Asker: 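This is the structure I want to talk about, given as structure tokens.
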Amino acid sequence: LKRLLQRAPERRIADLPRVEVFGEGAVDALTPIVFVPGLEGQQLEYTIDTDRSTVPNVLCAIHQKKWTILWLQLSIMVPIYDQCFFHAFNPRLDMATMTWSNADGVDMRVFEYGDINSVAFFHIGLKEIPVYNQFIDIAYARGYSNETLRVSQYDFRYAPTQLRDQGWFNHTKAMVEDVAASTGQK
């Protein structure tokens with residue numbers, strides 16, 4: 001691996017083609033980037049409204065209408081609350097239709113889909129834990145902006161076939177086409 005990396009040609013910003021923009025002279029042409037982060041860059045938000053009849057323990061009956069970020073927290077490792085966590089956030093498979101869904105009373109979505117700044121830090125309570133902030137800072141320093149640097153997060157609980165069924169691939173394709181069209185790039 002080390003030898004391969006040593007042989008790989010280094011691309012520098014100075015090597016990018018120069019283009020004329022609005023008659024202002026030559027500027028560096030940056031290829032737009034749609035970034036698909038790994039598991040460490042995924043954050044989900046949820047609302048939950050469960051009653052006693054659908055949960056494994058009476059303490060799991062939760063009513064939270066405000067969108068809240070879901071990530072591993074020490075409180076979910078406490079006995080009984082771990083039951084609540086896994087009951088609420090494990091996807092359910094409908095064997096008749098072979099489709100996946102959230103538990104009854106639970107709504108989930110990706111946190112700030114498309115916004116590159118949403119993967120800079122994990123937002124856990126009052127803390128922000130750095131994830132991709134250095135990558136984003138370097139890209140901004142090189143001339144990228146929120147228009148040319150986007151992110152396509154996904155619900156990490158699902159396999160690619162379920163993501164396809166939920167439209168993630170179509171959303172990502174549309175984002176790539178939108179970024180390319182808005183910058184005149186291919």
Side-chain angles (χ1 to χ4, degrees), residues 31-125 128-129 131-132 135-136 146-182 185-186:
T31 302
I33 296 174
V34 174
F35 178 61
V36 180
L39 177 61
E40 70 278 3
Q42 307 301 329
Q43 293 186 87
L44 301 176
E45 291 181 303
Y46 69 95
T47 62
I48 187 167
D49 188 13
T50 56
D51 60 39
R52 292 180 179 181
S53 66
T54 63
V55 294
N57 183 308
V58 69
L59 295 174
C60 299
I62 303 168
H63 306 282
Q64 184 169 335
K65 297 291 186 184
K66 181 182 174 217
W67 286 100
T68 305
I69 293 176
L70 167 70
W71 195 244
L72 298 178
Q73 299 168 0
L74 291 178
S75 62
I76 67 167
M77 299 304 161
V78 175
I80 296 177
Y81 289 109
D82 63 344
Q83 292 176 5
C84 301
F85 177 83
F86 291 112
H87 175 78
F89 300 114
N90 277 339
R92 307 294 195 269
L93 175 62
D94 181 339
M95 294 299 287
T97 62
M98 295 305 291
T99 58
W100 292 86
S101 63
N102 292 317
D104 291 336
V106 177
D107 289 317
M108 301 283 285
R109 68 182 183 193
V110 170
F111 176 66
E112 296 182 3
Y113 179 81
D115 183 358
I116 191 67
N117 294 309
S118 68
V119 296
F121 297 93
F122 275 147
H123 305 279
I124 300 175
E128 287 188 337
I129 298 172
V131 182
Y132 292 111
F135 165 76
I136 295 167
N146 289 341
E147 299 301 317
T148 55
L149 183 62
R150 304 288 306 275
V151 64
S152 181
Q153 311 97 307
Y154 54 91
D155 189 335
F156 58 84
R157 302 173 304 149
Y158 294 110
T161 53
Q162 287 81 39
L163 293 173
R164 179 199 62 216
D165 295 345
Q166 295 171 358
W168 179 79
F169 291 102
N170 291 334
H171 293 300
T172 301
K173 179 182 176 190
M175 181 186 296
V176 168
E177 291 170 350
D178 180 52
V179 170
S182 70
Q185 299 282 328
K186 291 186 177 185

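These numbers were taken from a predicted model, which means no experiment stands behind them.
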Asker: Do you know the tightest heavy-atom contact between Pro160 and Phe169?
Answerer: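 Heavy atoms only, the tightest pair is O-CE1, 3.5 Å.
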Asker: I'd like to check Ile33 versus Ile116 (side-chain heavy atoms, cut-off strictly below 4.5 Å). Are they in contact?
Answerer: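 Result no, sub-4.5 Å side-chain heavy-atom pair not found.
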Asker: Which distance, rounded to the nearest 0.5 Å, do you find between the CG of Asn170 and the CG of Leu163?
Answerer: 11.5 Å
Asker: Tell me, do Trp168 and Val36 make a side-chain contact under 4.5 Å, heavy atoms counted?
Answerer: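 Result yes, sub-4.5 Å side-chain heavy-atom pair found.
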Asker: State, with a plain yes or no, whether a side-chain heavy atom of Tyr113 is found less than 4.5 Å away from one of Thr172.
Answerer: yes
Asker: Which atom names give the shortest non-hydrogen contact between Tyr158 and Ser101, and what distance separates them?
Answerer: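 Scanning both residues completely, I find the closest heavy atoms to be OH-C, 3.8 Å.
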Asker: Can you find a pair of side-chain heavy atoms, one from Arg157 and one from Asn102, that are under 4.5 Å apart?
Answerer: yes
Asker: Specify the closest pair of heavy atoms between Gln153 and Gly114, including all atoms of both residues, with the distance to one decimal.
Answerer: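 Gln153 and Gly114 have their closest heavy atoms at OE1-N, 3.1 Å.
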Asker: Could you give the distance from CG (Asp107) to CG (Leu44), rounded to the nearest 0.5 Å?
Answerer: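 So the gap between those two atoms works out to 12.5 Å.
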Asker: How far apart are the closest heavy atoms of Lys65 and Asp49, and which atoms are they?
Answerer: NZ-OD2, 3.1 Å
Asker: Which atoms form the tightest heavy-atom contact between Val151 and Asp115, and what is the distance?
Answerer: CG1-O, 3.1 Å
Asker: Would you say the side chain of Trp67 lies within less than 4.5 Å of the side chain of Arg109, judging by non-hydrogen atoms?
Answerer: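 Heavy-atom side-chain distance check passes, below 4.5 Å.
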Asker: Identify the heavy atoms of Pro37 and Tyr154 that sit nearest to each other, and give their distance.
Answerer: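 So the minimum-distance heavy-atom pair works out to O-CE2, 3.3 Å.
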